[in-house]
Undergrad: 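I have a structure I would like to understand better, so I am pasting it below and will then ask my questions one at a time.
Predicted, not measured: the structure shown is a model, and the values here were computed from it. All chains are named by letter (A, B, ...) in the order of the sequence lines, taking the proteins before the strands, and each is independently numbered beginning at 1. All values below were derived from every heavy atom in this structure, side-chain atoms included, with hydrogens, water molecules and symmetry-related copies excluded.
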Amino acid sequence: MDENGATKAAVQAICREHGNDRTRMLDILRDVQRRFGFVSDEAMDEVAEVTGCARIDVESVVSFYAFLSDRPQGRIVIRLCNDVVDELKGMPEVAAAFRRELGIAIGETTSDGFFTLAETPCIGMCDQAPAVLVNDVVVTDLDPDRVRRIVHRLRYNPDPSALVTEVGDGNNGHPLVRAMVRNNVRRAGEVIFSDRMAEAGLQQALRLTPERVIEQVKQSKLCGRGGAGFPTGRKWEFTRAAQGGPKYIICNADEGEPGTFKDRVLLTERPDLLFEGMTIAAYAIGASEGILYLRGEYAYLRRFLEHVLEERRRAGLLGQSILGVDGFDFDIRIQLGAGSYVCGEETALISSCEGQRGDPKNRPPFPAEKGFLGRPTCVNNVETLCKAARILEEGPDWFRQWGTESSAGTKLLSISGDCLRPGIYEVPFGVKLSDVLKLCGARDAGAVLVGGPSGRLVAPADFDERICFEELPTGGAIVVFDSSRDLLRIVSRYLAFFIDESCGHCTPCRVGNVLLKERIDRLRRGQGERSDLEYLERLARTIQATSRCGLGQTSPRLVECTLRDFRSLYEACLGRPDLELRPSFDIRAALRESEALVGRDSVYNWNEQSELPCRTTPSRL
Amino acid sequence: MMETVQEREQRQLNRKPRIATASLAGCFGCHMSVLDLDERILELAELVEFDRSPIDDLKDFTGPVDIGLIEGGCCNEENVRVLREFRKHCRILVSLGDCATMGGVPALRNTLSLQECFREAYCDGPTVYNPTGLIPNDPEIPLLLDRVYPCHEVVRVDYHLPGCPPSAESIWQTLTALLNNRPLDLPYELIKYD
Amino acid sequence: MQNDTVTFVIDQKEVRARRGQTILEAAEQAGVYIPRLCHLKGLTPHGSCRVCTVRVNGRYQAACTYPVADDLVVENDTEELRTLRRDLLEMLLVEGNHFCMFCEKSGHCELQALAYRHSIAAPKYPHLWPRREVDASHPDVLLDRNRCVLCGRCVRVSRDVDGKNVFGFVGRGPHRHLGVNSRRGLGGSDLSADDQAVTVCPVGCLLRKRTAFQVPVGQRRFDRQPIGAEVGAGAGSPQPSESPMQ
């Protein structure tokens, strides 16, 4: 068989494994990528042919996900986490070491086709940064010395899992995980990390009617823990009430908000609690199928989680007639993502589960009415589902003993940045940010990012505000920046993140964020004008007001809150107060290329001070 | 005899408003559109006096000017120098036409690097004969900027009048509004990008 | 049984509509024009350009995707929304490479017409000058991505009307662009010059070859009348708010 024929046969086999089902496109393409190191033109044609869709639909999906590529990648792909926290913790030196050792730049592949060096946004390891992914293997706490050893070892043994010589704590050492990742649980609170009776919540739920289960969750005032904070009980109620079926419960484990890593620890240490929560939700809404959407960066947890699911099936906690309840049939599959932040948005997540690009969908209709494959679907965050299980076990009143009026219960925080004890903290809602900073040993905090880049950069004057939906909402990310950090650089870096991760569907997000970053960077070069501040405010407002999904509706928040709370930083960037000549126009920079190509300097003495330049040599004309 | 302050103020009040024009990286089409005013050009000559402009061939400013009309964007350092001179001398500066407001046809090169442009123009183009492969570098040839800039990215510009060229009617309405301190509010038919 | 008619208010005007209609459709039927670019009657709404953003009971929504319901209060022709729309149009103008002065769609272009209607003399944003591919491989149709606004009309029409699936979106974020269902470009696809997909392009991105400049200046679609003037009797050009030329 020729090479082309062999490719075809292999692609066909992969498609067959996934039932030639186009809604499993993401799984098919992930497997093709793994098998060939890229998704070739031939492979795209074949996948289209076999799954019965247009080639452009396949290309569309391949081009969307960062972990899929239409050009050959190295056998080992090293993805450097380019998150802001990693940068603070020494990623620039680590990246330089990788470039030096491999002799290639970011985005390139070595000539022997062995290594590819790439960048990737937050991989959920901020508490052990700088970190990289070597294929699926997480390597944490890097420094240039370790980089040299790692590259050497990989050349000697191309199996990245051999890099893990010492495993992390808890289930990170499980034979099916074997990761060097550490949990860093610094404060084990009462709801998530306390000892408990396994499956007590599920048993209790099955004693109640589904309506009563929903009632319990509503009484607990549990709100979504992913960041948006929608009341969970109401979401379940809407999905239960929706016409049609089958219905779906999807767990959103696409933890992508930079600085958030609490779901990773839940998936590692409390998978049973999560699946219990999903099963309770399924019972409550009447779902027969569940999907755990696991972000591609956490692929190292997949085999372990599959194993936990298998154990549950064996124990009668999944499958037909769960715990002997006639007619309650429910099972869970894992859908692996492929590198896309926007897939954490619930409708984008549904698109992704359907095997499409992770473009969010137009709302209404909401997923509760028309979600996965057009059917009623409930999407909940990992932590939300874990808490729901505990609420069924202990009762809504028990849960409400923590928190504030509108923010019941506890919250898992993932804290990183300039602090002595980065890691996971379970705290009651309503805790003051200043107390959190004390807990984690923040040093000389000059600003704290609460809720990640789509949240708020809090100034010291506001450190006494409380972590709760009413004051400082957060999906869990707390990033501490000490007073030496360049906040406008940080804002610019996060804008770059949003630009990269926008799906590009709607105008304000696709174009507006690029324009925001252009102007912030202009200011950072000292070329700003006072009018730029108003320009930024208006642009931020337009993007927020008109964007289709949460990404664009929140991406300008850091610009907005820093313009308000750190205004002096902007003021310091304003160029000459002279409004006649644009400070942003840099004639010297504009001429540089020309001078190099022509091989002579300008005949004018361009300089900042004189408005009108003089010729340095008289004209012959 | 020395002029008194009052006399000078009176003379300045009486004097006609002055207009200057220039074509930077443009094709002079916008200037042609000014001439398209036809018989109203006589009326305009009654209303204003032309200072530095190709219309009267005056090469330098004689003093402060009320309205400067700039055709073309900035593609080279000479354009930047002239534009700065205009900004310095003109009370009101108007970007006249698409090239001034957004770069226009010369800005087609903005999606390419300068090196690619030079190679095409002086080395690899199908009609080029240049065995030495040299790129012209005579000091009398102004250096090109890395890209073509609309005027308002180089200096502050007060008004934009798009069009390729803007119609004589829109130029007339713009000038008469500015000369009479009326707000510039062109009707739908007169805002055109072509 | 649910009543089939709903009543809502748009710009202080009470409007009756059929349940299931979008705000944009219902408003248009009642003679109220809501500016839009990506939407085209009869197609599944796309909700991408966001030019039709209105306020529904105070919240921003795209009128082309939002269904009517009783008691909605919709703001449309307000200073604030005109400003937002102007910003969006300016974003589109600087995002692509729009050279109206030689574009054969000029005068018939909906982006240009919307910019005229919103009195945009020059965008306040810097031009991004992206490098985009032109595909001239098809004998009868030109695809110039420099002018694409990613409205998805061709994608939807090719799929839903022509039944061909010639187009799709490739890439994400600022790199999102129009892709073609063939390795060899448009010429390798089964697009025909008669396909509806070619004619629905609101800008000059998809053009039939050898048909340019057939209508003289002055008689083109938007030379005399603003876009949307055909909706309702009284809908003329809007009052400009910011001094338009400044």
Undergrad: Where the side chain of B:Thr176 meets the backbone of B:Gln173, is there a donor-acceptor pair that is under 3.5 Å apart?
TA: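 Indeed, once roles are kept as given, a pair shorter than 3.5 Å links the two residues.
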Undergrad: Is chain B contacted by the side chain of C:Asn97, its backbone, both, or neither, given a heavy-atom distance below 4.5 Å?
TA: side chain
Undergrad: Over 60° means perpendicular and under 30° means parallel, so classify the ring planes of B:Phe61 and B:His89, tilted if in between.
TA: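 B:His89 vs B:Phe61 ring planes: parallel.
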Undergrad: Does anything in residues 29-59 of chain B form a ring-ring contact (aromatic ring centres under 6.0 Å, His included)? List the pairs, not counting sequence neighbours.
TA: B:Phe28-B:His31
Undergrad: Name all residues meeting the side chain to side chain contact (heavy atoms under 4.5 Å, CB included) criterion together with C:His127; count only those two or more places apart in sequence or in a different chain, and write none if there are none.
TA: B:Met102, C:Val94, C:Pro123, C:Trp129
Undergrad: Contact part of C:Phe102 toward chain B, heavy-atom cut-off under 4.5 Å: side chain, backbone, both or neither?
TA: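 For C:Phe102, side-chain heavy atoms alone lie under 4.5 Å from chain B.
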Undergrad: When heavy-atom pairs shorter than 4.5 Å are enumerated against chain B, which of C:Pro126, C:Cys103, C:Ser106 gives the highest number?
TA: C:Ser106
